[in-house]
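Some notes on the structure that comes next.
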Amino acid sequence: MKKSDWFLAGGILIIAVALLGYQFLANGGDPSESVVVVTVDGEEYGSYPLTEDCSVDIGETNRLVISGGTAVMEWADCPDQICVHHSSVSRNGESIICLPNEVVVSIQGGAEPELDGMVQ
Amino acid sequence: MKNRAAYFGVFTALALILSYVELLIPINFGIPGAKLGLANLVIVVVLYRNGWKEAFLLSVVRIVLAGFMFTNLFSILYSLAGGILSLGVMSLLKWKNIFSVTGVSIAGGVSHNVGQLLVAMAVVETYQVGWYLPALLIAGVLTGLLIGILSAGILKRIRFIDG
Ligand SMILES: [Zn+2]
């Protein structure tokens, strides 16, 4: 291995750790105020408090279940089933993606004002 | 080389075996198509041994065959995005000659994962997916490092066979 190889590996790892640090700090919001935001094809489908247990049918393609402060994709008709096998999400920023159905379930902090108005 | 086609067949078979082995290792990064990239070992060896054209062909053949055999049509498109970006970056860096095989392989592993993430972001049109970037960067460096060290070892030994 050359010295430049180590610089490359180290440089990328430093970027990754810096991003992780940023995520950790941005994660400081009160978990009781987190919401589960569902987007379909880039459009917001709905948002649900993480603290209230419920089951949400996302169109006819996916079913989201919120219970005990975590969210899971309980069922989906997609061929890969990656979203269904994905572990449950509960921390701000975490998301479950169903690529074939273009569905994203993400946890967002309720505490800070969101940027929703700007990205639309 | 006379038996170029035979070598290509052997490399394709090896890449497919590694693709299958990878399926047996249950690692889910949350991004469809983002995997360990064990098959990249064969791609890196072919890139250094036979050049980028054969590595490109092998990469496409491997992804399409592995897609049909082990997964589904849908995942082929996503794997191609990461595979082609990764090979493009590796070919360029090999040509620039700044890094050894290991550095080129690290860049390949990272760009593969970044490619998958970009496709996922484009498809779902949601920037939240970018949350997984740090995990994918770290995974790309580690697997790229492992594959680079193995490739360097294989390339050293293969030289004797070729004569
Ligand atoms: Zn799915």
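Here the structure is a predicted model, which is why all the values come from computation and not from measurement. In what follows, chains are A, B, ... by sequence order, proteins preceding strands, each numbered from 1.
- Considering CD of A:Gln23 and CG of B:Leu133, their distance stands at 8.5 Å, rounded to 0.5 Å.
- A:Val72 and A:Val89 fall into different hydrophobic clusters, where Ile, Leu, Val, Met, Phe, Trp and Tyr are joined by side-chain heavy atoms under 4.5 Å apart, directly or via other members.
- The 12-atom threshold is exceeded at OH of A:Tyr48, counting heavy atoms of other residues, nucleotides or ligands nearer than 6.0 Å.
- Interatomic distance, B:Leu117 CG to A:Ile97 CD1, rounded to the nearest 0.5 Å: 7.5 Å.
- Side-chain polar atoms of B:Ser100 and A:Asp5 form a donor-acceptor pair below 3.5 angstrom.
- Taking 4.5 Å as the limit, some side-chain heavy atom of A:Leu20 sits within range of a side-chain heavy atom of B:Ile138.
- The distance from atom NZ of A:Lys2 to atom CD1 of B:Ile98, rounded to the nearest 0.5 Å, is 8.5 Å.
- For B:Leu145, the part lying under 4.5 angstrom from a heavy atom of chain A is the side chain only.
- For the atom pair CG (A:Leu99) and CD (B:Gln116), the distance works out to 9.5 Å, reported to the nearest 0.5 Å.
- A distance of 10.0 Å separates CH2 in B:Trp131 from CG in A:Leu19, rounded to the nearest 0.5 Å.
- Criterion: ILVMFWY side-chain heavy atoms under 4.5 Å apart, direct or through other members. Under it, B:Leu137 and A:Phe7 are not part of a common hydrophobic cluster.
- Nearest heavy-atom pair across B:Val123 and A:Glu102 is O-OE1, 3.4 Å.
- Judged purely by atom type and a 3.5 angstrom limit, B:Tyr132 has no side-chain atom pairing as donor or acceptor with the backbone of A:Glu94.
- B:Phe11 and B:Val21 fall within a single hydrophobic cluster, where Ile, Leu, Val, Met, Phe, Trp and Tyr side chains are chained together by heavy-atom contacts under 4.5 Å.
- Transitive grouping of hydrophobic side chains (ILVMFWY, heavy atoms separated by less than 4.5 Å) keeps B:Leu92 and A:Ile12 in distinct clusters.
- Remark: B:Phe99 CZ to A:Trp6 CH2 distance equals 13.5 Å, nearest 0.5 Å.
- Using a 4.5 Å cut-off between heavy atoms, B:Leu142 does not touch chain A at all.
- In the hydrophobic clustering of this structure, A:Ile82 does not group with A:Val65; members are Ile, Leu, Val, Met, Phe, Trp, Tyr whose side-chain heavy atoms approach within less than 4.5 Å, directly or through other members.
- Contact of the B:Val124 side chain with the A:Val103 side chain is not registered, since no non-hydrogen atoms from C-beta on lie closer than 4.5 Å.
- Of the listed residues A:Ala16, A:Ala9, A:Ser106, the one with more heavy-atom pairs under 4.5 angstrom with chain B than any other is A:Ala16.
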